[in-house]
Q: 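First, the structure itself, so that you have it in front of you.
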There are 2 protein chains.
Amino acid sequence: MGKALTKNQALVLDTLSRADGPLSAYSILDDLRDEGMQAPPQVYRALEKLLKTGLIHRLESLNAYIACRDPDCVSHTVTGFAICETCGDVIEFAGEKISRQLKDWEDDNGFLAEKTTIELRGICKPCKG
Amino acid sequence: MGKALTKNQALVLDTLSRADGPLSAYSILDDLRDEGMQAPPQVYRALEKLLKTGLIHRLESLNAYIACRDPDCVSHTVTGFAICETCGDVIEFAGEKISRQLKDWEDDNGFLAEKTTIELRGICKPCKG
DNA sequence: TAGCAAGCGTTATATTGTAACACAATAACC
DNA sequence: GGTTATTGTGTTACAATATAACGCTTGCTA
């Protein structure tokens, strides 16, 4: 059972959940002007908390944020993202086998990963036609 | 056989090659003030070209750039990076097996990846002690 | 040698992210 | 309950990263 969210955290999460794609911190801010969000730090602080609790993800190659769609995402070692350059859709995937391969590499090389980023940029099935 | 590099491209590549870690675009710019580099676009244009030819990599989670150390890096489908949060060292790895797993996922899901990012943030062997 | 593509230098601006400060709300503890 | 530590808030100012746009040069190449 996670802690309850504060007002700002809930607002940011709600905005990301309603969006059908990744949003930048500043577009979240714009969406929430009317709700009392005035300045970047308010958004970034909420984002930071939501990231830590795993409710959202950050897409490093886009500098953007997305709500986690996978109900038991936290149970996965790594989460991968396939980002379509054409339609902007983002597919979140679990990659159990990839997890294992990465773990193997880590063990072989004595590296302890705290956070793993896997992002594919390309063209999704619908857009390929 | 690739084309020869222009002066700016060679300067940027040289700076990255001499560095013992990733550099931001702006620190490259600072390093090259004396060589005639005056403004961000000059650096970013050189970086773009070097990225396209595979001579350097961009670390998405750091907004930084690094010279490719792997002589036949282009032959790999994907390149992974393990970034030590303590010492800042970056280990480039090939991940043949991971490549294959990702390819499987792509095939299964009809996704055509043009660029793949794999970055591990954590602690390297020497720093763990 | 005319035309085109790529690169250059420059100015200005857009986008993304933090530092720092004073204060308020919440939770933890005796 | 009252005290204290922790976390979050609102704000101003600023740092760091990246791109748009313009006119010019260079080097092919047809």
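Order of the sequence lines fixes the chain letters, A, B, ..., with proteins taken first and strands second; residue numbering starts at 1 for each chain. Values below: every heavy atom of this structure, side chains too, minus hydrogens, waters and symmetry copies.
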Q: Counting C-beta onward and ignoring hydrogens, is there a side-chain heavy-atom pair between K49(B) and L5(B) closer than 4.5 Å?
A: no

Q: Identify whether the distance between the nearest side-chain nitrogen and carboxylate oxygen of E60(A) and K115(A) falls below 4.0 Å.
A: yes

Q: Answer yes or no: does a side-chain N or O of N8(B) lie under 4.0 Å from OP1 or OP2 of dG7(C)?
A: no

Q: Report yes if the side chains of E114(A) and I123(B) come closer than 4.5 Å at any heavy-atom pair, otherwise no.
A: yes

Q: For a 4.5 angstrom cut-off between non-hydrogen side-chain atoms, does I98(A) reach I118(B)?
A: no

Q: What are the two closest non-hydrogen atoms of P40(A) and Y26(A), and how far apart are they?
A: CG-OH, 3.2 Å

Q: For K52(A) and dG8(D), what is the distance between atoms NZ and P respectively, to the nearest whole Å?
A: 7 Å

Q: Do the non-hydrogen side-chain atoms of V43(A) and L32(A) ever get within less than 4.5 Å of each other?
A: no

Q: Select one nucleotide: of dT9(D), dA18(D), dG17(C), the one nearest the side-chain heavy atoms of R58(B).
A: dA18(D)

Q: For the side chain of N63(A), starting at C-beta, report the closest nucleotide among dA18(D), dG17(C), dG7(C).
A: dG17(C)

Q: Under 4.0 Å between a Lys/Arg side-chain N and an Asp/Glu carboxylate O for R100(A) and D104(A)?
A: no

Q: Which residues, if any, of residues 32-51 of chain B bring a heavy atom under 4.0 Å of DNA chain D?
A: P40(B), P41(B), Y44(B), R45(B)

Q: What is the distance, rounded to the nearest whole Å, between atom CG of L11(A) and atom P of dG8(D)?
A: 15 Å

Q: Below 4.0 angstrom, which residues in residues 22-29 of chain A have at least one non-hydrogen atom near DNA chain D?
A: none

Q: Please report the distance, rounded to the nearest Å, between CG in L62(A) and P in dA18(D).
A: 13 Å

Q: Do C124(A) and C87(A) come within less than 4.5 Å of each other through their side chains, counting heavy atoms only?
A: yes

Q: Using whole Å, what does the distance between atom C1' of nucleotide dT26(C) and atom NZ of K7(A) come to?
A: 16 Å

Q: Would you please confirm or rule out a distance under 4.0 Å between OP1 or OP2 of dA25(C) and any side-chain N or O of T6(A)?
A: no

Q: Rounded to the nearest 0.5 Å, how far does CG of L11(A) lie from CD1 of I28(A)?
A: 11.0 Å

